Amino acid sequence: MTMTKSILKKLQYLMLLLMIVTIPVISMPKAYKILGFGSKLYLYPLLIGVILFSFEAIKFKTKLNLQICKYLLLLIFIQFTITFYGIVKFPYYSDINVLTNEKIVLIANFLNIGLADNLMLFKYGFMFLRSVKIVISEFVVEWLLLFWIFHLFNNDFSNGFKKIRSMFIILAILLSIYAIPEVLLFKFNMQIGYDILCYLNPYLYDVGNYLNWYPPIIYPNHGLKSYCIEPGFMGLLAATILPFLFSFIFEYKKNILLYIFYSYFMMILFMTKSRTANVIIYIYSILFLCYSAFFRNLKKYALLILLTCMAFFGAVFENSDIDQNLFTLVDTYYTSNIDTIMSTTARSNGTRLNNILIHLNVFKDNLLFGTGAGLKDLYIADMINGDALKDIELKAITEGIRSEGIFKYSYGNVNHYTYILTNYGLVGFIMYFLPFLFAVYKVWRSKAYVNKEIAVLLIALLLNLVAMMVGNPFSVVFIILGLLYVKVFDNNIIKKEEI
């Protein structure tokens, strides 16, 4: 069969769909991992999609956007330079226990090299390769994804918007279906719900493999998570799904099944009991009030807000609450899941705040260039003290790093802004977020936001930037940004330069 350009495009659309619907699976069981490719399932269709695009570009001489190419090459060059500098000045090689890393032991045995006699060589070599892998992997799932999206839909913005919107709605449908066992369990105490989860979830992640409890089959507070690894990730995905879902409903005529699905999806979002999800829903409601007023369709907005309220009331009712009145249930939900957002001691807020503060302390000592990719954890372990060490989770991570090393434990990414600052300093931070500011500036200056599709993308982008305050919202923000750049260049807002 001749591989035509049309067939290649369709295959790329399929890979993009597979990538989007597998985004929640970020910690595959070890049994299913391919050595060197990590645990993010969506990485595989992404790489296949990029390979297909590369084949298309070579065979059909696809013109690439020179400005985007130049900037991305400059960005990865700066990230590599910062990381190489960080490796050279890294002061904690003596604290690295390479014997706890199975890969290093395996390589040493395979090469028949005495590990004890070449300890420093393995430490330098493995830290170098580990940091390079982090830079490349993050670049692929973020900026290479943007590059692919831009060229996949270049000069075809409207079609790209509709296709990507449909893909995220399919993701919402799959999340909703997988959430059914949790709804049965949490709302009706049906044992079959738990049995289904016990059977299915181990195919998505290794249950309790981190800190002896994370990730669990279900969360103690009955927070719904569908096939995400934790409830908060549903909130991160909602930052993109909700704008596209609203746009779809806003654009099409009344459809009772669509309204039922919207209500059900909003209900499971509230059932996550995630502060992230609640904040995203609140900001989404305000932004789309402005959207509806601007495009003069407040009636449909009022209907969706009514459905959202009904979904909220449906979420707060559980089988065990049948004898309680509605006001008590709402107050309990508010106190536990919304009122705690600003509290520094409620739920995981203390852990999150202390984690952010110790990242910022490391950043202050490495202001311009940060620590370099993958090197921050030993800086933090050396600096952590006081209230942070009183936190049970942070104490366990610190003890794990000191006893077993950074290959098994990490302080994680609980705020993407501080994560970038700590790893790459001010220089890397500016380079990372400049494309976001540039796209918004050009779209805003040209008044392209009067286009409904552009307005939806701007709202989705803003919600994702908010979501970054509680971690890395997967890679979906780069899909949005790539699509925005299609419009930026399509409208000749900035001069097109192509090769």
Side-chain angles (χ1 to χ4, degrees), residues 20 23 65 67-79 82 135 138-154 157 160-161 164 168 236-244 276 279-280 283-284 287 290-291 363 370 373 413-449 451 453-491 493-495:
I20 287 172
I23 276 175
N65 185 284
Q67 288 174 270
I68 292 178
C69 290
K70 283 181 178 179
Y71 191 86
L72 295 188
L73 287 173
L74 177 62
L75 175 64
I76 196 169
F77 173 77
I78 287 174
Q79 289 183 339
I82 288 172
V135 173
E138 290 183 350
F139 186 84
V140 167
V141 301
E142 295 176 346
W143 301 104
L144 192 59
L145 173 60
L146 178 151
F147 180 82
W148 178 38
I149 294 297
F150 174 84
H151 288 95
L152 185 59
F153 298 111
N154 195 20
F157 172 79
F161 178 87
I164 288 175
F168 276 100
L236 296 178
L237 289 173
T240 305
I241 292 172
L242 288 180
F244 282 131
T276 304
V279 169
I280 292 297
I283 299 174
Y284 147 83
L287 292 176
C290 301
Y291 176 95
F363 160 66
N413 178 356
V414 299
N415 182 300
H416 200 53
Y417 298 100
T418 57
Y419 176 84
I420 298 298
L421 282 170
T422 307
N423 278 290
Y424 299 111
L426 278 174
V427 173
F429 183 87
I430 292 169
M431 288 296 297
Y432 188 93
F433 285 103
L434 194 59
F436 291 86
L437 295 174
F438 184 75
V440 171
Y441 170 73
K442 290 297 180 181
V443 168
W444 195 263
R445 187 179 178 186
S446 68
K447 298 184 179 179
Y449 55 82
N451 179 300
E453 295 169 343
I454 290 292
V456 169
L457 289 179
L458 288 174
I459 290 173
L461 183 67
L462 178 59
L463 289 173
N464 275 275
L465 290 173
V466 171
M468 282 185 181
M469 296 177 69
V470 295
N472 183 6
F474 308 101
S475 298
V476 294
V477 68
F478 292 91
I479 296 175
I480 296 163
L481 190 60
L483 204 52
L484 270 176
Y485 269 102
V486 171
K487 196 64 177 177
V488 165
F489 284 91
D490 184 49
N491 278 350
I493 296 172
I494 56 180
K495 183 182 177 181

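Source: prediction; values computed, not measured.
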Over 12 non-hydrogen atoms of neighbours within 6.0 angstrom of CZ in F433: yes

Test item: P435 and W143 side chains (from C-beta on) under 4.5 Å apart, heavy atoms: yes

Interatomic distance, N464 atom CG to T240 atom OG1 [nearest 0.5 angstrom]: 3.5 Å

Nearest non-hydrogen partners of M431 and Y71, listed with the distance: O-OH, 2.7 Å

Atom pair CG/CD1 of L73 and I68 - distance to nearest 0.5 Å: 12.0 Å

Residues N451, K487; criterion side-chain contact (heavy atoms from CB on, under 4.5 Å); working and verdict: CA-CA 10 Å; N451 179 300; K487 196 64 177 177; 4.2 Å; yes

L483 and I164, any side-chain heavy atoms less than 4.5 Å apart: yes

Smallest separation among heavy atoms of G160 and F153, with atom names: CA-CD2, 3.2 Å

CG on L463 to CG on L236, rounded to 0.5 Å: 11.5 Å

CD1 on I479 to CD1 on I20, rounded to 0.5 Å: 4.0 Å

From L146 atom CG to H151 atom NE2, the distance as rounded to the nearest 0.5 Å: 10.0 Å

Parallel, tilted or perpendicular, as decided by the 30° and 60° cut-offs, for the rings of Y419 and H416: parallel

Among F150, F438, F157, ring-ring contact (aromatic ring centres under 6.0 Å, His included) partner for F489: F150

Closest non-hydrogen atom pair, A373 against V135: CB-CG2, 3.5 Å

From CG (L152) to CG (L145), nearest 0.5 Å: 10.5 Å

Donor-acceptor pair, side chain of N415 and main chain of M469, under 3.5 angstrom: yes

Step-by-step side-chain contact (heavy atoms from CB on, under 4.5 Å) determination, F139 to L72: CA-CA 9 Å; F139 186 84; L72 295 188; 4.0 Å; yes

Option among Y441, F478, Y417, F429 that satisfies the ring-ring contact (aromatic ring centres under 6.0 Å, His included) test with F436: F478

I480 side chain near I149 side chain, heavy-atom distance below 4.5 Å: no

CA sep, side-chain torsions, deciding dist, call: I78, Y424, side-chain contact (heavy atoms from CB on, under 4.5 Å): CA-CA 9 Å; I78 287 174; Y424 299 111; over 6 Å; no

Worked verdict on I454 versus F161 for side-chain contact (heavy atoms from CB on, under 4.5 Å): CA-CA 9 Å; I454 290 292; F161 178 87; over 6 Å; no

Closest approach of A238 to P243 (non-hydrogen atoms, all atoms of both residues): O-CD, 3.8 Å

Test item: I459 and Y284 side chains (from C-beta on) under 4.5 Å apart, heavy atoms: no

